[in-house]
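Below, chain A is the first sequence line, B the second, and so on; all start at residue 1.
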2 protein chains.
Amino acid sequence: MSQTRSPAPAGSSQLIRQLNAQRVLSCMWGREPSTATELMHATGLTRATILTLCRDLTEQGWLEVSENSRQAGQYTKGRPALRYAFREDACHVIGVDAGLHQVTAAVANLRGVEVGCATRPSNPQGSDAPLQPAAERRRTVLDTVDAALGQAGLTHADVACLVIAVPAPVDSDGRSPKGLNAFWSLMNPELITLGAEHGWDCAVDNDANLAALAELDLQSSGPDDSFAVILSGERLGAGLVMDGRLLHQARGGIGELGMLDLVQGVESANGLGWWARHLAREALSRTPGHSGALGQVTAEEVTSEDVFAAADAGDQLALEIMDQLADRLARICVVLAGLLDLDRILVSGAIAPALTDVAARAKEKLAQHLYAPWLQIEASTLGAHAVRRGAIRLAVDRIKDQALHPGPAA
Amino acid sequence: MSQTRSPAPAGSSQLIRQLNAQRVLSCMWGREPSTATELMHATGLTRATILTLCRDLTEQGWLEVSENSRQAGQYTKGRPALRYAFREDACHVIGVDAGLHQVTAAVANLRGVEVGCATRPSNPQGSDAPLQPAAERRRTVLDTVDAALGQAGLTHADVACLVIAVPAPVDSDGRSPKGLNAFWSLMNPELITLGAEHGWDCAVDNDANLAALAELDLQSSGPDDSFAVILSGERLGAGLVMDGRLLHQARGGIGELGMLDLVQGVESANGLGWWARHLAREALSRTPGHSGALGQVTAEEVTSEDVFAAADAGDQLALEIMDQLADRLARICVVLAGLLDLDRILVSGAIAPALTDVAARAKEKLAQHLYAPWLQIEASTLGAHAVRRGAIRLAVDRIKDQALHPGPAA
DNA sequence: CCGATTAAATATAGAGGCTTAATATAAGCG
DNA sequence: CGCTTATATTAAGCCTCTATATTTAATCGG
């Protein structure tokens, strides 16, 4: 009788080889070159094992021997050790921030360092102008990607993975809800299929989720911390990291903040940028002859940037608006941190740099509603780059996960 | 030079043995007896391997050979297969629901089946009476545990793990915040130390979290679903399961619902039982001569049970109150499901059986605030047992995790 | 009652992986 | 040039899994 066996052709002893190879590669990924002795301490494996693993990984294209064997070393006696270096250019990835008004694409190496970047306008700024049709938006994304590749001096064949961030919920297949909300479909017109054109691995995800991944990459605190990233431009979106893991659901609706309609003092999921403009317009039409810095613009033309600039200049009206923004933010933080017991909340997005004081003020106001002295509320230092950085991070992670199952592009 | 090695004494080849043993034990845990052939298909391992693993596990006390080798089998020809059975009585666990007013302890075998149960009153019902001091509450818990053991006919030595559920946030060390809230300290007066008295493994956790674990055990849907369990007696608490994993934080504050203060139409974290009583009292004092079923009790004496019974009897006043409860519940669900994109929300706790209609009504009202037709809102079938069942489940899980690292109590 | 059939358990051989320990190599140093 | 030092390589041994052959324990039919 034949012994039926599961489809695993690996003799189940090779599994441990895979496992150890993964451990070694993890130790070296994106790090400085290492000697076998260093890896022995890091992994607990023997020298003989480490060296064979490194040889294998070198053959597969993930590592290379760096010549400066002893220059970097701290010792001077004995036979110089081989130094294996992570090949950060074994292949490249592309991260795209496909925002409402502009698309930014960056090419990065496996360390996540950008080697090329390009931006193209997408939809016009006027809020009543029609949105780009699906085909046009797809072309915009591809054009931006090609421009970034050109700047990096790389070709399609050098790329292994493409990740696209969109301002819409995205399910686990990379699709956004259809019909329900035309905006979402137009933001993500089946972008997941773009990767197939060049044979790239491809993923699409929500912009706030990816911004959260980018913050996770910074390792500002321990690996177990939990935080939310609030992406706050015109609309609000949140990405949630719990215990160092990005929360994700099959439907992709996590972090949608429509429920803020029900929260007192917030009453909408409009972003802080939207509110800044809205409150300024309202205030300016109430007091037409405002003499401060904010009085330089008309109620119809005022933008959030005007408000932030006026607040910087000490304009009283603008400062009051900032205080109202802080109040809104504080209440949002109460909901998120109260329910999820977060360690910190980061405000991200293009307007983040202008919100440092608002975040600090929100932290003060928080105590009115919630006892959470440990909670940090801060403006992200990544600002407008957060989403794109997160896309790159996810792309690199995907390559890392795929490593050692097939070989790399080399 | 000596080859320094990590503290792993296992020759790194034994690791795969451990791994396979775990897989086999997982396949058998709490299940019907299996033959080697069945395990071969389940694990993908060879017969020879399976049999040696089963022998090992039998020696360690986790499995035993069941005699009915062929009776249960579907075949009648050939040599009869050995049948290995999971030893559900290799050791026992205790789950305790240490509620505000009463403490319930249950002894269960490794399948989670209760073999003994006992209940003791804890704090008096009057809301203004002083709470039990710490030492007294600790003694109550121990007494209840001993009573349950007695009923099961087991001794302290038969127990491997004790899990206690308390109505307070609990951090990863099993402690509740001190000082901040005297109630919490009195609910959880260092109960984590009780296990040490008999050398049992011990854990303390929040009651809503454990109720969520209990629901997870039921496997009502796939292993990847996400849901919240709302424990709703006097106060509200929630346990959150995302992607089949119970969310947990170092501080233990997850699922605290104090932030509902800010939600329109909810405005407090008081439970549905509290609101039923409160609304009834208010209504009865507004219309003193109410003629329906609810009119049988005075405004001062009315309880939530009275309201539920009157609603069942068709009392108009009670039905209006139920509708208000549904409205509150719907809004809570909007916040939880809107933010976390949940698949379902379960209302649990002792009053759950009375809330079937309220849950259904809440589901209808939900659509006013949130598009989520996939969301199920239901009353838990576990009702008053949910917390205790969850404690047992966690205890069994802990034993399962510890398995194969030390040997069992056998 | 005995042989044929069947399916499972056991025994044996082989391959792959890791560790250990011995051996070889590549420097620096006096 | 030989000694010292630290590393790389190699060979031996052990463990675990698979694969195949052999043995065992039952049913069934004559």
Checklist outcome for this item: Tightest non-hydrogen contact, residues Asp171(A) and Ala250(A), listed as CB-O, 3.0 Å
Checklist entry - Expressed in angstrom and rounded to an integer, what is the separation of Leu19(B) atom CG from dC17(D) atom C1'? => result 13 Å
Item to check | Interatomic distance, Leu51(B) CG vs dA8(C) C1' [rounded to whole Å] | outcome: 9 Å
Item to check | Of the listed nucleotides dT16(D), dT5(D), dA19(D), the one nearest the side chain of Ile16(B) | outcome: dT16(D)
Item to check | Arg55(A) side chain near dT9(D) phosphate (N/O to OP1/OP2, under 4.0 Å) | outcome: yes
Next on the checklist: Check this one for me: any side-chain N or O of Thr52(A) less than 4.0 Å away from OP1 or OP2 of dG17(C)?
Outcome noted: no
Checklist entry - Taking atom P of dC18(C) as reference, at what distance in whole Å does atom CZ of Arg23(A) sit? => result 10 Å
Checklist entry - In whole angstrom, what separates Met40(B)'s CE from dT18(D)'s P? => result 9 Å
Next on the checklist: Checking His156(B) now: which residues fulfil side chain to side chain donor-acceptor pair (under 3.5 Å) with it, not counting sequence neighbours?
Outcome noted: Asp146(B), His198(B)
Checklist outcome for this item: Leu15(A) CG to dT18(D) P, in whole Å, measures 11 Å
Next on the checklist: So, does Thr49(B) get its side chain near the phosphate of dT16(D), meaning an N or O under 4.0 Å from OP1 or OP2?
Outcome noted: no
Item to check | For the student: nearest non-hydrogen atoms of Val93(A) and Ala395(A), plus distance | outcome: CB-CB, 3.6 Å
Checklist outcome for this item: In whole angstroms, the gap separating P of dA8(C) from CZ of Arg83(B) amounts to 12 Å
Checklist entry - Considering only heavy atoms from C-beta outward, does the side chain of Arg17(B) approach that of Thr52(B) to under 4.5 Å? => result yes
Next on the checklist: Rounded to the nearest 0.5 Å, what separates atom CG in Leu210(B) from atom CZ in Arg389(B)?
Outcome noted: 12.5 Å
Checklist entry - Between Asn20(A) and dC18(C), does any side-chain N or O lie under 4.0 Å from OP1 or OP2? => result yes
Checklist entry - Any idea which of dT5(D), dT20(C), dA8(C) is nearest the Lys77(A) side chain? => result dT5(D)
Next on the checklist: Among residues at least two apart in sequence or on other chains, which ones pass side chain to side chain contact (heavy atoms under 4.5 Å, CB included) with Asp397(B)?
Outcome noted: Arg393(B)
Checklist entry - Would you say dC18(C) has OP1 or OP2 under 4.0 Å from some side-chain N or O of Arg17(A)? => result yes
Item to check | Rounded distance (Å) that lies between atom P of dT9(D) and atom CG of Leu53(A) | outcome: 14 Å
Checklist entry - Between atom CD1 in Ile50(A) and atom P in dT9(D), what is the gap in whole Å? => result 14 Å
Item to check | For Asp225(B) against Val241(B), the heavy-atom pair lying closest together | outcome: O-CG1, 4.1 Å
Checklist outcome for this item: Side-chain atoms of Arg47(A) come closest, of dA9(C), dT9(D), dC17(D), to dT9(D)
Checklist entry - Side chain of Gln14(B): nearest nucleotide among dA9(C), dC18(C), dC15(D)? => result dC15(D)
Could you go through nucleotides 22-25 of chain D and list every protein N or O atom that sits under 3.5 Å from one of its N or O atoms, giving the distance for each pair?
{"residue": "dT24(D)", "atom": "O2", "partner": "Arg79(B)", "partner atom": "NH1", "Å": "3.2"}

